[in-house]
Amino acid sequence: MNEKKMKDIFMDGPIPAGFIADSIQKHSTKTNIGAHSIFLGQVRADELLDRKVAAIDYTTYKEMALEKMHEIRESIFAKYELTCMHVHHSLGTINAGEVCLFVFTSSKHRKTAMDACEEVVELIKVELPVWGKEIFEDDSYTWKTNK
Amino acid sequence: MNEKKMKDIFMDGPIPAGFIADSIQKHSTKTNIGAHSIFLGQVRADELLDRKVAAIDYTTYKEMALEKMHEIRESIFAKYELTCMHVHHSLGTINAGEVCLFVFTSSKHRKTAMDACEEVVELIKVELPVWGKEIFEDDSYTWKTNK
Amino acid sequence: MPFGQIAEITGADAFQLEAADTDQVQQALYKRFPALEKRAYAIAVNKVIVKDNTMLSSGSVVALLPPFSGG
Amino acid sequence: MPFGQIAEITGADAFQLEAADTDQVQQALYKRFPALEKRAYAIAVNKVIVKDNTMLSSGSVVALLPPFSGG
C-alpha cells in the first residue's frame, strides 16, 4: 500500500457549498471532461418516536476507512474510464440540513460518470467503517443504520 | 398549460460554479432531504479532423423547449418521490471547460435522487429542441450530434 | 421557423407560407431550397412534433428541427 | 479497538489483551462485557475484516465494528 496515494477523505464538520464550488471550478482546466456526476448526502431531520433528529455525530476507524477507500478507488478506476474522482466525508456533529458526504466523478461521457458515482456511493455506505449517531432535539440518541 | 408553472431553464453563457453552490446552499433549510444528485455537462475540447473544439454555440426553440421541459418535469415528479428538481441550460457561446448543463434532483433517499437525475439528463438530450454548434480553434465548425 | 443547420440552408429566421398541410409546406420549401430535401429533420406544428402529414390552420407555426444536440 | 455502539458497552477506547486467536479475544471480552454477546458486529484484524477464527501475532490490532452507517 503506497501511503502517498492514500487520500484523506475525512473533514471535521459539514461540507460547505463553497468547497463543492471550488472543487467544480478546478475542473475547468480539464477540457477532456464532458460530464460530472455529484452526489451529496444531507443530514435529514427524521422523526422517530415523536422526536426529531437534530444532528448526526460521525465517527470512523480512520486507518481502516482510508485503506478501504483506496481499494474502492482502485476498483472504480479499473472498471470505469474516469478522468477523476473525489470523495469527502464529514466527521463530528453535522446538523440537519448540512452536507456530510460529497462524491464527485468526472468522465468524458455522462453514463460513465453517473454509473461510477452511484457505485462509489453504494460502496461507501456498505464498506466504509463509519458510524453515525443520530442525536435528537432532546439530546437523546440512536445509532443510524444504513439501508 | 399553466404559464406560471413554466420555469425558464435557459441562461446566457456558462453556468458558474458559484451559481451551483448557491443552489446547493438554498437546500439546507429543507431538512426532509437526504440526498442530492447533480449532473453537470461540460464542454469538451474534442479533436476532430486534427482540429480542437474551442467552444459550443447553443441555440434553442425556446417556446417549445420550455413546454417540453415542463412535460419532462411533470413526468419525473409523477414517477419519483422528489423534494425538488432544478434544470439550467446555457445558450450562446460556451468555451471548452465551461459548464453548459446543470441538473439537480433532491429526495429523501439516494436511489430516487440518482435515478431521477439520470432520467432527466437522458430526456433533455433526446427531447429538448436545443442545438450545439461546435466551433473549432480555427473558427470552422460542425453541428454536434447527441449519442 | 427553421433551426440549427436547417436555418443555414433556408437562410432566414421565420417566414410566412400559404399551405393547407405540412406536406404542402415541405413541397414549397423543397422548391425554394433544394438542399433541404436531403436533410434529416422533424416537423413541429405549434410546438408539438408531428410524424404524419398534418392539417394547418391560419396562424399555425411550423418548425423544422434538425437532430437535437443539447446538454 | 471498539467502535460505535460497541464502544458504549466496552466503555473504553482501545485496550490490550493476551489472546492466540480472535475466538479467544471474543471469549475474554464476553467475560468482561456480557452485554457484548448479543450485539451484531464484525471483527477486523489489522484493518481487514475476518469471517472465521483468525490467528493473532504479537501486536495484532483487533477491532470490533458494529454495522456501518456512513454517508
Side-chain angles (χ1 to χ4, degrees), chain A residues 14-47 52-56 83 95-111 113-115 117-119 121-122 124-125 144 146-147, chain B residues 14-47 52-56 83 95-111 113-115 117-119 121-122 124-125 144 146-147:
Chain A
I15 298 162
F19 180 89
I20 297 162
D22 288 348
S23 193
I24 293 168
Q25 187 57 48
K26 276 179 197 153
H27 290 77
S28 63
T29 53
K30 297 196 180 177
T31 55
N32 57 334
I33 292 174
H36 302 291
S37 186
I38 294 174
F39 177 83
L40 303 175
Q42 183 168 301
V43 173
R44 221 167 47 217
D46 273 356
E47 285 191 48
K52 219 183 208 177
V53 171
I56 296 182
T83 316
N95 294 318
E98 293 180 330
V99 173
C100 56
L101 175 63
F102 172 28
V103 177
F104 187 4
T105 55
S106 307
S107 176
K108 202 169 171 193
H109 301 291
R110 65 186 182 278
K111 188 85 184 129
M114 291 192 283
D115 288 352
C117 186
E118 181 159 357
E119 190 163 331
V121 172
E122 295 305 320
I124 285 172
K125 297 261 177 184
K144 189 172 170 259
N146 277 350
K147 275 173 281 196
Chain B
I15 298 163
F19 180 89
I20 296 162
D22 288 347
S23 192
I24 293 167
Q25 187 57 47
K26 276 180 198 153
H27 289 76
S28 63
T29 53
K30 297 196 181 177
T31 55
N32 57 333
I33 293 174
H36 302 291
S37 185
I38 293 174
F39 177 84
L40 303 175
Q42 183 168 301
V43 173
R44 222 168 46 220
D46 273 356
E47 285 191 48
K52 220 183 210 176
V53 171
I56 296 182
T83 315
N95 294 318
E98 292 179 330
V99 173
C100 57
L101 174 63
F102 172 28
V103 177
F104 187 3
T105 55
S106 306
S107 175
K108 202 169 172 191
H109 301 292
R110 64 186 183 278
K111 188 85 184 132
M114 290 192 286
D115 288 353
C117 186
E118 180 158 358
E119 191 164 329
V121 172
E122 294 305 321
I124 285 172
K125 297 259 178 187
K144 189 172 168 262
N146 276 350
K147 275 175 278 197

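We name chains A, B, ... by the order of the sequence lines, and we start the count at 1 in each one.
- Among residues two or more places apart in sequence or in another chain, the salt bridge (charged side-chain N to carboxylate O under 4.0 Å, His left out) test is passed with B/Glu119 by B/Lys79.
- Once rounded to the nearest 0.5 Å, the distance linking CD1 of B/Ile24 with CD1 of A/Ile24 reads 5.5 Å.
- Contact of A/Ile33 with chain B is made through backbone and side chain together, with heavy-atom distances under 4.5 Å.
- Expressed to the nearest 0.5 Å, how far CG of B/Asn32 lies from CD of A/Gln42 amounts to 9.0 Å.
- Across A/Glu98, A/Lys30, A/His27, the residue that shares the most heavy-atom pairs under 4.5 angstrom with chain B is A/His27.
- Chosen from A/Ser23, A/Gly34, A/Cys100, the residue pairing most often with chain B at heavy-atom distances under 4.5 Å is A/Gly34.
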A/Glu122 and B/Arg110: side chain to side chain contact (heavy atoms under 4.5 Å, CB included), yes or no, with the steps?
CA-CA 9 Å; A/Glu122 295 305 320; B/Arg110 64 186 183 278; 2.9 Å; yes

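- The two atoms that bring B/Ala21 and A/Ala21 nearest to each other are CB-CB, 3.5 Å, heavy atoms only.
- Contacts of A/Gln25 with chain B are made by both backbone and side-chain atoms, with heavy-atom separations under 4.5 Å.
- If you measure heavy-atom distances from A/Ser37 to chain B, the contacts under 4.5 Å come from both the backbone and the side chain.
- In this structure, the portion of A/Lys125 lying under 4.5 Å from any heavy atom of chain B is its side chain and not its backbone.
- Most heavy-atom pairs under 4.5 Å with chain A, from the set B/Ala17, B/Pro14, B/Pro16, B/Ala113: that is B/Ala17.
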Determine, step by step, whether B/Leu40 and A/Ile38 satisfy the side chain to side chain contact (heavy atoms under 4.5 Å, CB included) criterion, reporting the C-alpha distance in whole Å, the side-chain angles of both residues, the deciding distance to 0.1 Å, and the verdict.
CA-CA 8 Å; B/Leu40 303 175; A/Ile38 294 174; 4.1 Å; yes

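- By the salt bridge (charged side-chain N to carboxylate O under 4.0 Å, His left out) test, A/Lys111 pairs with A/Asp115, B/Glu118, sequence neighbours left out.
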